[in-house]
Engineer: 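Handing you a structure now.
Computed from a prediction, not measured in an experiment: that's the story for all the values here. Residue indices begin at 1 and follow the sequence shown.
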Amino acid sequence: MTTLVRGSSGTLTRDALTVLQPGFVGTTAPDWLLRRIGEGLSSVGLFGRNITSPRQLAALTAQLRAERDDVLVAIDEEGGDVTRLEVTRGSSFPGNYALGRVDDVELTRAVANELGRRLAECGVDLNWAPSADVNSNPVNPVIGVRSFGADTALAARHTVAYVEGLQAAGVAACTKHFPGHGDTNVDSHHALPRIDVDLDTLHARELVPFRAAIAAGSKAVMSAHILLPALDPDRPATLSPQILTGLLREELGHQGLIVTDGMEMQAISSTYGIERGSVLAVAAGADAICVGGGLADEETVLRLRDALVDAVRSGDLPEERLADAAARVRALADWTCRARGAAAEPGAASQEGTAPGSGTEIGLVAARRAVRVTPGELPYEPVTKAPYVAAFTPVANIAVGDETPWGVAAELTALLPGTRTDTYTEGDDTPELVAHVVGAAADRRIVAVVRDVHRHPWMANALEALLAARPDTVVVEMGLNQAAPRGALHIATHGAARVCGRAAAEVVTGR
């Protein structure tokens, strides 16, 4: 642990910088970021806006480490729908829901290990993943396919496999969103979700995957901006001493890093503000403040640094608590440095990647295994000529983002050149929408692509009307597979990653 020189302004300022995990804009590190790293900033968070290619990312992380060898480079790379490594093309790995549907823990471990290997190769050493949330509420607008599923035991065993696979590659796992974001119907990016369940339910459902992850050695845990009155009726988990210190640290025994979810999310910022929120979070037991998804400038870093320093000087934040938080950040940085060194040793390649179908193709292998096909009433004839793809597209949640492509059109085009596609969204009049689809398709087979059709009445209505007009339509569901199968052929991919689209396209064409 850090030796604290009480009252030292330099130590206090350095500790305040150490606990921040800020983002920035651009594909190279700005001067202000390098300067703050030299002053004590110990972590940097990367987002899709910072990445164009593996080569560029490796150069960026090398630039950061030229300033400070032990800087933690973090990323939100879940695979599946939430990807930063492949933000402009879609992920090479299916997400948690697809892996949970296959329910092969060795496959999950191998996928996480290959993902970790790619991150480590690019110089990233802390991944804000996996999502250990039990998706018990099927209309959850923000978790959904990011969860392994609604079954608690399944979520727990795959969370463990993911943590083990990722960390075997030398990348620290950050299991999220503690104490469980699955039973919500509000997106914490926009407002404060509330979960009104009793303690027995929390311990039997939400907390089970986190207990398992902690037992498996997850290096970090990320807090959720959710209110659980059974644990704390006043403050969301990120700001609650009862939840972060009492439950996570003391009762569950997590001794690693506690990271907050993004502090600029409305669940925190609209009520507390990011400065007060950050002070309350560290006081509650958080060790690292994640900020930068939306606020990604030097001013934000300085505001939070000064808020923490001022809180110590005013007595609102114990000096020892800030020092302890900074020490935990440095301890994780030490682990990642050792892991990088071990990975560089001859013959140190991970054994996790030697499973059948591992390596660069493991994601596609997993996506193919996750597909579930339900035939219609008539015999299915594979599509052999370029079809028309009607993509029924909901508004993307902020975690996923709308810059990442999804669907089957690109993959069908690769197999059947000349494939045409159009996008349809909420607000389109159903009769006009269907008339447009049928008219645009002409004599082509129609492939209707939906995402969480059970959550979107407009989408369900449009699909029903389209199937009445064109019963030979193929339906591809790329979200939660909750609605009854419809269409001449119904294909459930259990996620919208690029490899999920490829697996679906293979089924559509009979390849």
Engineer: Among Leu17, Val329, Asp70, Leu72, exactly one meets side-chain contact (heavy atoms from CB on, under 4.5 Å) together with Ser42. Which residue is that?
Structural biologist: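 When side-chain contact (heavy atoms from CB on, under 4.5 Å) is applied between Ser42 and each of Leu17, Val329, Asp70, Leu72, only Val329 qualifies.
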
Engineer: Would you call Arg330 and Asp15 a side-chain contact if the rule is heavy atoms closer than 4.5 Å?
Structural biologist: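 Yes - at least one pair of side-chain heavy atoms lies under 4.5 Å apart.
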
Engineer: Output yes when a side-chain donor or acceptor of Gln21 lies under 3.5 Å from a complementary backbone atom of Ala74, and no otherwise.
Structural biologist: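 Checking the backbone N and O of Ala74 against the side chain of Gln21, no donor-acceptor pair under 3.5 Å is found.
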
Engineer: Identify whether the distance between the nearest side-chain nitrogen and carboxylate oxygen of Glu39 and Arg36 falls below 4.0 Å.
Structural biologist: yes

Engineer: Judged by modelled atom types alone, do Thr28 and Gln63 share a side-chain donor-acceptor pair under 3.5 Å?
Structural biologist: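 Not at all, the side chains of Thr28 and Gln63 share no donor-acceptor pair under 3.5 Å.
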
Engineer: Would you say Thr52 and Thr27 are linked by a side-chain donor-acceptor pair, where the criterion is simply a distance under 3.5 Å?
Structural biologist: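 No, no side-chain donor-acceptor pair sits under 3.5 Å.
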
Engineer: Treating Asp81 as the side-chain partner and Ala496 as the backbone partner, does any N or O pair qualify as donor plus acceptor under 3.5 Å?
Structural biologist: yes

Engineer: Between Leu20 and Val291, is a side chain to side chain contact (heavy atoms under 4.5 Å, CB included) present by the stated rule, with each step listed?
Structural biologist: CA-CA 8 Å; Leu20 302 181; Val291 66; 5.7 Å; no

Engineer: Mind checking the CD-CG spacing from Gln167 to Asn127? Nearest 0.5 Å is all I need.
Structural biologist: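 CG of Asn127 is found 10.0 Å from CD of Gln167.
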
Engineer: With rounding to the nearest 0.5 Å, note down the distance linking CD1 in Ile362 to CG in Leu107.
Structural biologist: 5.0 Å

Engineer: Within the distance-only criterion (no hydrogens, no angle test), does the side chain of Glu264 pair as donor or acceptor with the backbone N or O of Gly294 below 3.5 angstrom?
Structural biologist: yes

Engineer: When you compare the side chain of Val73 with that of Arg65, does any pair of heavy atoms fall below 4.5 Å?
Structural biologist: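 Answer yes - side chains close enough.
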
Engineer: Is the count of non-hydrogen atoms from other residues, nucleotides or ligands lying under 6.0 Å from Asp31 atom CG greater than 12?
Structural biologist: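 Atom CG in Asp31 is not packed in, count stays at 12 or less.
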
Engineer: Are Asp287 and Arg321 within salt-bridge range, i.e. N to O under 4.0 Å?
Structural biologist: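 The answer is yes: the pair qualifies as a salt bridge.
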
Engineer: Is any side-chain heavy atom of Arg305 less than 4.5 Å from a side-chain heavy atom of Thr13?
Structural biologist: yes

Engineer: Is there a side chain to side chain contact (heavy atoms under 4.5 Å, CB included) between Arg205 and Val197 once you walk through the steps?
Structural biologist: CA-CA 10 Å; Arg205 188 178 66 187; Val197 298; 3.7 Å; yes

Engineer: Please find the pair of heavy atoms, one from Ala367 and one from Val499, that lie closest to each other, and give the distance.
Structural biologist: CB-O, 3.5 Å

Engineer: Determine yes or no for a side-chain-to-main-chain donor-acceptor pair under 3.5 angstrom, with Thr260 supplying the side chain and Ile289 the backbone.
Structural biologist: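 Not a single qualifying donor-acceptor pair exists.
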
Engineer: Pair His225, Met263 - check side chain to side chain contact (heavy atoms under 4.5 Å, CB included), show working.
Structural biologist: CA-CA 9 Å; His225 304 328; Met263 294 303 287; 4.1 Å; yes

Engineer: Taking 4.0 angstrom as the limit, do Arg328 and Asp324 come out as a salt bridge?
Structural biologist: yes

Engineer: Keeping Thr271 on the side-chain end and Ile268 on the backbone end, is there a donor-acceptor pair under 3.5 Å?
Structural biologist: no

Engineer: At their closest point, which heavy atom of Asp452 faces which heavy atom of Leu480, and how far apart are they?
Structural biologist: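 Minimum heavy-atom separation between Asp452 and Leu480: OD1-N, 2.6 Å.
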
Engineer: Is any side-chain heavy atom of Pro54 less than 4.5 Å from a side-chain heavy atom of Arg118?
Structural biologist: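 Not touching, per the 4.5 Å side-chain cut-off.
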
Engineer: Between Arg211 and Glu251, is there a side-chain N and carboxylate O pair less than 4.0 Å apart?
Structural biologist: yes

Engineer: Nearest 0.5 angstrom please: Leu85 CG to Glu78 CD, how far?
Structural biologist: 12.5 Å

Engineer: For the residue pair Ser92 and Arg498, confirm or rule out a side-chain donor-acceptor distance under 3.5 Å.
Structural biologist: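 The criterion, which ignores hydrogens and geometry beyond distance, is satisfied for Arg498 and Ser92.
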
Engineer: Regarding Ser147 and Asn135, do their side chains bring together a donor and an acceptor under 3.5 Å, going by distance alone?
Structural biologist: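 There is no such pair between these side chains.
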
Engineer: I would like to know whether Ile51 and Gln56 meet side chain to side chain contact (heavy atoms under 4.5 Å, CB included); could you show each step before the answer?
Structural biologist: CA-CA 7 Å; Ile51 301 166; Gln56 171 269 326; 4.1 Å; yes

Engineer: Is Ser240 reaching over with its side chain to a backbone N or O of Arg235, donor-acceptor style, under 3.5 angstrom?
Structural biologist: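 Not at all, since once roles are kept as given, no pair shorter than 3.5 Å links the two residues.
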
Engineer: Thr300 versus Pro22: any side-chain heavy-atom pair under 4.5 Å?
Structural biologist: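 SC-SC contact between Thr300 and Pro22 ruled out.
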
Engineer: Tell me whether Thr245 contacts the main-chain N or O of Gln242 through its side chain, where contact means a donor paired with an acceptor under 3.5 Å.
Structural biologist: no

Engineer: Between atom NZ of Lys176 and atom CG of Asp76, what is the distance when rounded to the nearest 0.5 Å?
Structural biologist: 4.0 Å

Engineer: Is a side-chain donor or acceptor of Ser91 paired with a backbone partner of Phe93 at a separation under 3.5 angstrom?
Structural biologist: yes

Engineer: Thinking salt bridges, do Arg35 and Glu298 make one under a 4.0 Å N-O criterion?
Structural biologist: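 Looking at Arg35 and Glu298, the cut-off is met.
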
Engineer: Using 0.5 Å steps for rounding, measure from the CG atom of Leu99 to the NE2 atom of His158.
Structural biologist: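 Leu99 CG to His158 NE2: 7.5 Å, rounded to 0.5 Å.
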
Engineer: Quick one: does Ile258's side chain get under 4.5 Å of Arg249's, heavy atoms only?
Structural biologist: yes

Engineer: Can a donor-acceptor pair be found, under 3.5 Å and without considering hydrogens, that links the side chain of Asn137 to the backbone of Gly182?
Structural biologist: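 No; zero donor-acceptor contacts below 3.5 Å.
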
Engineer: Kindly give the heavy-atom pair with the smallest separation between Gly45 and Asn50, and that separation in Å.
Structural biologist: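 Minimum heavy-atom separation between Gly45 and Asn50: O-OD1, 4.2 Å.
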
Engineer: Work out which heavy atom in Val208 is nearest to a heavy atom in Thr152; give both atom names and the distance.
Structural biologist: CB-CG2, 3.4 Å

Engineer: Could you report the tightest heavy-atom contact between Val301 and Trp32, atom names first, then the distance?
Structural biologist: CG2-CZ3, 3.7 Å

Engineer: Less than 4.5 Å apart, side chain to side chain, heavy atoms only: is that true for Pro229 and Arg194?
Structural biologist: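 In short, these two side chains touch, coming nearer than 4.5 Å.
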
Engineer: Between Phe178 and Leu252, is any pair of side-chain heavy atoms under 4.5 Å apart?
Structural biologist: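 Contact flag for Phe178/Leu252 side chains = yes.
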
Engineer: Look only at the side chain of Arg49 and the backbone of Phe24, and say whether a donor-acceptor pair between them is shorter than 3.5 Å.
Structural biologist: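 Indeed, once roles are kept as given, a pair shorter than 3.5 Å links the two residues.
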
Engineer: What is the distance from atom CG of Leu248 to atom OG of Ser223, rounded to the nearest 0.5 Å?
Structural biologist: 9.0 Å

